[in-house]
Amino acid sequence: MRFAAYNVEWFNSLFDDDGDLKFDGGWSGRYNVTRAEQLNALGTVFSALDADAVMVIEAPDHSKTRSTILALENFANHFGLRTNRVLIGFSNDTQQEIALLYDPDVLTARHKPHASPTAPRFDAKLEIDLDVDARLDCVTFSKPPLEVEISLPDGRRLMMLGVHLKSKAPHGARSPAEAMQISITNRRKQLAQAIWLRRRVTQLIDSGQTVVVLGDFNDGPGLDEYEHLFGRSSIEIIMGEDLEPHRQLYDPNANAILSNVSQEKIHSASFTDKTTGSVLRALLDYVFISDTLKNQSCEWRIWAPNDGDGKLAHAVSIASDHYPVTLDFK
């Protein structure tokens with residue numbers, strides 16, 4: 001069985017309002033890449049992945065005039081992918097949805113949101129004291145995580161949570177000091193979302209569920225200068241490092257970073273600074289699993305451009321600024 005997480009940069013721009021693929025020479029959301037080039041590259045990458053389920057981050061928009069489901073089904077059918085069924089949860093207004101593309105002949109999937117007093121449904125709001133001022137702050141997800149119940153052919157069931165956490169840039173700042181303050185506030189909100197997500201994970205594990213949490217977390221130990229203000233990253237919160245071993249989540253790449261392995265050696269995304277031309281590589285994408293799945297002959301892979309044949313490496317490099325991450329298990 002293979003699960004994948006893949007953030008596709010501005011997937012939405014590759015479809016028209018009818019969900020048809022835009023195979024033309026117009027520019028995509030990728031710098032200096034046409035829509036036809038990005039679509040063909042994505043077709044190559046998805047075909048090579050040959051996953052049973054792909055959690056697509058930044059999936060096409062779902063709104064009154066556009067359909068995530070129609071767009072992704074058209075994409076799958078055009079490239080002959082066996083992952084040709086689409087599931088979405090709570091849509092958002094960012095034009096970047098979270099959607100599961102899966103093979104209906106191998107597994108079944110259904111949106112199964114949960115709620116509790118300490119961890120509301122992900123389309124609701126969480127009241128939490130973010131800055132220890134004895135006043136509750138209201139936190140929401142701009143991209144509500146997708147909770148999916150997966151049923152496997154052998155009768156096993158597991159909960160899969162697709163995640164796209166994001167700490168907004170300091171837009172509108174009028175000075176460096178104001179930019180820093182906005183960044184700290186946004187970072188605090190992201191950590192609150194991580195706490196919310198971790199509460200849900202703990203509840204699922206405590207109820208006997210096997211859990212897979214995957215997607216783009218836009219965070220990792222030592223990733224930015226604000227982490228020392230809060231003591232830990234959102235990744236460490238979600239992993240549950242301070243909890244009992246059976247409640248923790250595991251990803252070998254996250255563990256390696258926590259062990260001070262250079263982030264240059266392990267990365268799932270690559271960005272070019274348009275001002276300086278320098279390249280930033282970071283580990284942002286993960287597939288975390290709970291203890292009950294850890295011993296099922298699990299193997300992880302980050303499909304970086306330098307890992308594979310020439311055609312696939314080229315396709316990965318132009319398909320998105322993120323690389324797919326896969327988990328294989330029995």
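Treat the numbers as computed from the prediction; the structure is a model and nothing was measured.
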Worksheet item: Where do Arg200 and Phe122 land on the side chain to side chain contact (heavy atoms under 4.5 Å, CB included) test, with the steps shown first?
Response: CA-CA 10 Å; Arg200 172 77 77 251; Phe122 290 139; 3.8 Å; yes

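- Closest heavy-atom contact between Met160 and Phe3: CE-CD1, 3.5 Å.
- Both Leu100 and Leu293 belong to a single network of hydrophobic side chains, linked directly or stepwise wherever heavy atoms of I, L, V, M, F, W or Y lie under 4.5 Å apart.
- More than 12 heavy atoms of other residues, nucleotides or ligands sit less than 6.0 Å from atom CZ of Phe23.
- The nearest pair of heavy atoms linking Asn92 to Asp61 is O-OD1, 4.3 Å.
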Worksheet item: Between Arg121 and Asp123, does a salt bridge (charged side-chain N to carboxylate O under 4.0 Å, His left out) hold up when you go through it step by step?
Response: CA-CA 6 Å; Arg121 253 178 36 165; Asp123 64 332; 2.7 Å; yes

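- Of the possible donor and acceptor atoms, one in the side chain of Ser320 sits under 3.5 Å from a partner among the backbone N and O of Asn7.
- In this pair, His267 and Tyr323 present their aromatic rings perpendicular. The plane angle is above 60°, beyond the 30 to 60° band.
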Item to complete: For Asp219 and Arg187, run side chain to side chain contact (heavy atoms under 4.5 Å, CB included): C-alpha distance rounded to whole Å, both residues' side-chain angles, the deciding distance at 0.1 Å, then the answer.
Response: CA-CA 10 Å; Asp219 198 8; Arg187 174 79 170 184; 3.1 Å; yes

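- A donor-acceptor contact closer than 3.5 angstrom is absent between the side chains of Ser28 and Glu37.
- Residues meeting the salt bridge (Lys or Arg N to Asp or Glu O under 4.0 Å) test with Asp17, sequence neighbours left out: Arg66.
- For Arg157, the CZ atom is loosely surrounded, since the number of other residues' heavy atoms within 6.0 Å does not exceed 12.
- In this structure the side chain of Leu204 reaches within 4.5 angstrom of the side chain of Leu161, judged on heavy atoms.
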Worksheet item: Step by step, would you call Thr118 with Gln203 a side chain to side chain donor-acceptor pair (under 3.5 Å)?
Response: CA-CA 10 Å; Thr118 58; Gln203 291 166 357; 3.2 Å; yes

Fill in: Candidate pair Phe288 and Phe217, rule ring-ring contact (aromatic ring centres under 6.0 Å, His included), full reasoning
CA-CA 11 Å; Phe288 295 107; Phe217 295 81; 5.5 Å; yes

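- Cation-pi geometry between Arg281 and Phe271 is not met: the NZ or CZ atom fails to fall both under 6.0 Å from the ring centre and inside 45° of the normal.
- Among the candidates Ile238, Val213, Asn218, Leu214, the single residue satisfying the side chain to side chain contact (heavy atoms under 4.5 Å, CB included) test with Val163 is Val213.
- A donor-acceptor pair under 3.5 Å is formed between the side chain of Arg82 and the backbone N or O of Asp50.
- In summary, the aromatic rings of Phe90 and His111 are positioned with their centroids under 6.0 Å apart.
- Counting non-hydrogen atoms of other residues, nucleotides and ligands closer than 6.0 Å to NZ of Lys112 gives a total above 12.
- Ring-centre distance between Tyr250 and Trp300: below the 6.0 Å cut-off.
- Between the side chain of Gln193 and the main chain of Thr140, a donor-acceptor pair closer than 3.5 Å is present.
- For the residue pair Glu147 / His114, a side-chain donor-acceptor distance below 3.5 Å is found, with atom types taken as modelled.
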Fill in: Derivation and outcome, salt bridge (charged side-chain N to carboxylate O under 4.0 Å, His left out), residues Arg247 and Asp291
CA-CA 7 Å; Arg247 283 177 157 178; Asp291 190 61; over 6 Å; no

Item to complete: Show the numbers, then the answer: is there a side chain to side chain contact (heavy atoms under 4.5 Å, CB included) between Asn84 and Glu73?
Response: CA-CA 6 Å; Asn84 55 22; Glu73 285 181 346; over 6 Å; no

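- Of the residues listed (Trp303, Phe79, Tyr6), the one engaging Phe46 in a ring-ring contact (aromatic ring centres under 6.0 Å, His included) is Tyr6, and it is the only one.
- The environment of NE2 in His246 is crowded: more than 12 heavy-atom neighbours from other residues, nucleotides or ligands sit within 6.0 Å.
- Of the N and O atoms on the side chains of Thr44 and Lys311, not one donor lies less than 3.5 Å from an acceptor on the other residue.
- Not one N or O on the side chain of Glu299 forms a donor-acceptor pair closer than 3.5 Å with the backbone of Leu327.
- Between the side chain of His62 and the backbone N or O of Ser67, no donor-acceptor pair lies under 3.5 Å.
- A side-chain donor from one of His322 and Asp285 sits under 3.5 Å from a side-chain acceptor of the other.
- Distance alone, capped at 3.5 Å, places no donor-acceptor pair between the Glu149 side chain and the Arg110 backbone.
- Of the possible donor and acceptor atoms, none in the side chain of Asp216 sits under 3.5 Å from a partner among the backbone N and O of His164.
- Of all heavy-atom pairs spanning Trp27 and Arg35, the tightest one is O-NH1, 3.3 Å.
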Practice prompt. For side chain to side chain contact (heavy atoms under 4.5 Å, CB included), just list the numbers for Tyr102 and Leu87, CA-CA rounded to whole Å, side-chain angles, deciding distance to a tenth of an Å, and then say yes or no.
Written response: CA-CA 8 Å; Tyr102 67 98; Leu87 179 72; 4.2 Å; yes

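- The closest donor-acceptor contact from the side chain of Asn40 to the backbone of Ala36 lies under 3.5 Å.
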Fill in: Residue pair Asp103, Thr83: steps toward the side chain to side chain donor-acceptor pair (under 3.5 Å) verdict
CA-CA 4 Å; Asp103 184 345; Thr83 48; over 6 Å; no

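- Between the Gln248 side chain and the Met239 main chain, no donor and acceptor come within less than 3.5 Å of each other.
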